[in-house]
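Structure, as structure tokens:
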Amino acid sequence: MNFINSIKLLLPALIPSWNFFDVIASSPRIQFSLLKSENTPIQEWHEFRPRPMHLSFIQMLKRMLWNPGWNESLFLVSCAERIMGDSTQQLIQHSENEILKRIKKDLLQTESEFNVSDITYLQFRLIFVHRQGTELQKEVTFISRIQPLSMDNDYES
Amino acid sequence: MSLELAIRLTEVLMGFSFIQQSIEHLTLFTHERRLFLIRIILSLLLIIGFQTAWTLLLLLLLSLAILHRFQGPYNGGADRMSLLILSCLTLVHFAPSLRWQEVAFGYLVIQLILSYFISGWVKVINPDWRNGQALRDVFQFSAYPVSESLRQWSKSPRLLLSMSWGVILFELLFPFSLLSSTSLTFALVITASFHFSNACLFGLNHFFWIWITAYPSILWFQQRIFESLN
């Protein structure tokens with residue numbers, strides 16, 4: 001573990017800025033595509049973890065104690081912002097890996113609507129949504145590397 | 001509230017808050033599971049008061065490893081507040097005298113007050129917050145609303161304008177709540193309700209539990225200030 005790096009990461013917690021929601025910046029969306037080979041042209045982009053249409057108050061109350069999926073999604077928002085922010089190449093790589101790993105986990109571990117048996121590769125892209133005047137604008141800002149979708153040691157990392 | 005009681009309450013609340021955060025990670029990846037399982041065990045030791053100073057120090061070292069794992073906080077502000085409380089409590093236990101214990105615990109209180117006041121300040125100087133546009137943007141296109149139906153709130157500009165000013169005013173006025181124990185209790189009920197709303201609407205449940213963890217410190221601080229003035 002790089003101890004100095006961790007101390008650097010700790011400093012913003014000891015001297016916080018507390019400027020929550022000072023400006024409402026562009027907001028990232030993650031979309032992924034499944035490919036049969038590295039050279040297959042992309043057919044379709046799917047939104048990663050689309051939010052439900054409605055949540056009841058009881059469901060909201062349950063999420064006060066148990067909310068792992070949503071908190072993981074918020075972490076991925078941070079990863080997307082790091083990729084597009086003023087980050088080092090190492091941090092961009094880390095964020096890209098985290099997003100790929102968690103899309104893969106969802107596809108392979110949960111009951112996915114996608115039949116992944118004949119799919120071998122995965123790619124994601126970031127779309128940033130922002131308001132220009134009264135209109136919402138969407139902009140593709142990043143396309144990831146193509147990642148093999150095999151059940152490998154990723155679950156150990 | 002005595003310093004001793006406030007510190008103990010903060011330790012217990014932080015222990016429960018850390019367990020709540022950590023349990024959520026047990027469904028994820030193996031390496032994460034290991035880190036957060038250790039965090040749960042240390043949090044349980046903290047709650048029962050076993051070797052508190054060393055338990056806090058180990059929790060702080062583990063937090064550095066977790067920061068390294070995610071290359072920063074996993075859940076932004078909630079993780080930063082967790083680290084701040086943990087650091088202040090660790091300093092309290094290793095402080096050489098009562099005065100330095102008060103300084104370390106008082107620093108947490110100052111940051112708690114600033115967490116509201118600065119948040120209010122950055123909003124009031126932003127015209128988009130003053131006219132309600134910023135909150136409309138939050139509901140319309142930010143990543144936070146937990147359901148699509150909540151996005152419809154962006155079509156209620158009067159409601160959002162009132163909510164914007166409600167948030168700005170209570171955040172800016174929060175430091176004045178220290179004037180009496182009654183006003184402070186009232187303010188803490190309001191702020192807890194605010195965090196509860198954020199947890200329901202934006203899924204920020206970690207914020208709710210960790211900010212409440214810091215409340216015993218400000219209850220002690222308010223009493224301590226008035227004692228020293230009399």
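Every value quoted in this text rests on a predicted model; they were computed, and no experiment measured them. Proteins get letters first, then strands, A, B, ... in listed order; numbering begins at 1 in each.
Of all the listed residues (A:Cys79, A:Ser78, A:Pro68), the one sharing the greatest number of non-hydrogen pairs under 4.5 Å with chain B is A:Pro68. Interface check for chain A: of the options B:Thr27, B:Leu114, B:Asp128, B:Leu26, the most heavy-atom pairs under 4.5 Å are formed by B:Leu114. Highest contact tally toward chain B, considering only A:Val23, A:Asn71, A:Leu9, A:Asp22, is held by A:Asn71 [criterion: heavy-atom pairs under 4.5 Å]. Among B:Gly76, B:Cys88, B:Pro145, the residue making the largest number of heavy-atom pairs under 4.5 Å with chain A is B:Pro145. Heavy-atom pairs under 4.5 Å with chain A were tallied for B:Pro73, B:Ser82, B:Ala78, B:Gly72; the largest tally goes to B:Gly72. Heavy-atom pairs under 4.5 Å with chain A peak, among B:Glu171, B:Gln140, B:His25, at B:Gln140. Of all the listed residues (A:Val77, A:Leu55, A:Leu65, A:Asn19), the one sharing the greatest number of non-hydrogen pairs under 4.5 Å with chain B is A:Leu65.
For residues 196-205 of chain B, heavy-atom neighbours of chain A at less than 4.5 Å comprise B:Phe196, B:Ala199, B:Cys200, B:Phe202, B:Gly203, B:Leu204, B:Asn205, sorted by residue number. Contacts between residues 128-135 of chain A and chain B, defined by a heavy-atom separation under 4.5 Å, are made by A:Val129, A:His130, A:Arg131. Near-neighbour residues of residues 89-99 of chain A relative to chain B, defined by a heavy atom under 4.5 Å from a heavy atom of that chain, comprise A:Leu91, A:His94, A:Glu98. Using a 4.5 Å heavy-atom cut-off against chain A, the contacting residues of residues 116-124 of chain B are B:Ile118, B:Ser119, B:Val122, B:Lys123.
Distance check: A:Ser6 OG to B:Gln71 CD gives 8.0 Å after rounding to the nearest 0.5 Å.
Interface remark: A:Leu61 contributes side-chain atoms only to the contact with chain B (heavy atom separation under 4.5 Å). Only the side chain of B:Gln133 comes within contact range of chain A, with at least one heavy atom under 4.5 Å from a heavy atom of that chain. In this structure, the portion of B:His206 lying under 4.5 Å from any heavy atom of chain A is its side chain and not its backbone. Proximity to chain A involves both the backbone and the side chain of B:Ile23, based on heavy atoms less than 4.5 angstrom apart. The contact between A:Glu72 and chain B is made by backbone and side chain atoms together, counting heavy-atom distances below 4.5 Å. Residue contact with chain B, scored on non-hydrogen atoms closer than 4.5 Å, involves the side chain of A:Asn5 exclusively. Interface remark: B:Phe141 contributes backbone and side-chain atoms alike to the contact with chain A (heavy atom separation under 4.5 Å). Within the 4.5 angstrom heavy-atom criterion, no atom of A:Ser73 approaches chain B. With a 4.5 Å cut-off on non-hydrogen atoms, B:Asn126 touches chain A through its side chain but not through its backbone. Contact of A:Leu136 with chain B is made through the side chain alone, with heavy-atom distances under 4.5 Å.
The two atoms that bring B:Arg80 and A:Ala13 nearest to each other are O-CB, 3.6 Å, heavy atoms only. The two residues B:Tyr144 and A:Arg51 make their nearest non-hydrogen contact at C-NH1, 4.1 Å.
In this structure a side-chain-to-backbone donor-acceptor pair under 3.5 Å is present from A:Ser27 to B:Ala143. Listed for the B:Ser147 side chain is no donor-acceptor partner under 3.5 Å among the backbone atoms of A:Pro52. Side chain of B:Ser115 to main chain of A:Trp18: no donor-acceptor pair is present (N/O by atom type, distance under 3.5 Å, no hydrogens or angles).
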Could you check A:Trp66 against B:Gln20 for side chain to side chain donor-acceptor pair (under 3.5 Å), going step by step and ending with a plain yes or no? CA-CA 8 Å; A:Trp66 180 248; B:Gln20 189 279 322; over 6 Å; no
Evaluate the criterion side chain to side chain contact (heavy atoms under 4.5 Å, CB included) for residue pair B:Leu135 and A:Phe21; output intermediate values, then yes/no. CA-CA 9 Å; B:Leu135 207 47; A:Phe21 291 97; over 6 Å; no
Walk me through whether A:Leu10 and B:Leu64 qualify under side chain to side chain contact (heavy atoms under 4.5 Å, CB included). CA-CA 7 Å; A:Leu10 176 67; B:Leu64 293 182; 3.9 Å; yes
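Around CZ of B:Phe176, the count of heavy atoms belonging to other residues, nucleotides or ligands within 6.0 Å does not exceed 12. More than 12 heavy atoms of other shown residues, nucleotides or ligands fall within 6.0 angstrom of atom CZ in A:Phe142.
The existence of a salt bridge linking B:Glu32 and A:Lys105 is excluded, since no basic side-chain nitrogen approaches an acidic carboxylate oxygen closer than 4.0 Å.
Contact annotation: the side chain of A:Arg63 approaches that of B:Val146 to within less than 4.5 Å [non-hydrogen atoms, C-beta and beyond]. Counting only heavy atoms from C-beta outward, the side chains of B:Leu83 and A:Leu14 never approach each other to under 4.5 Å.
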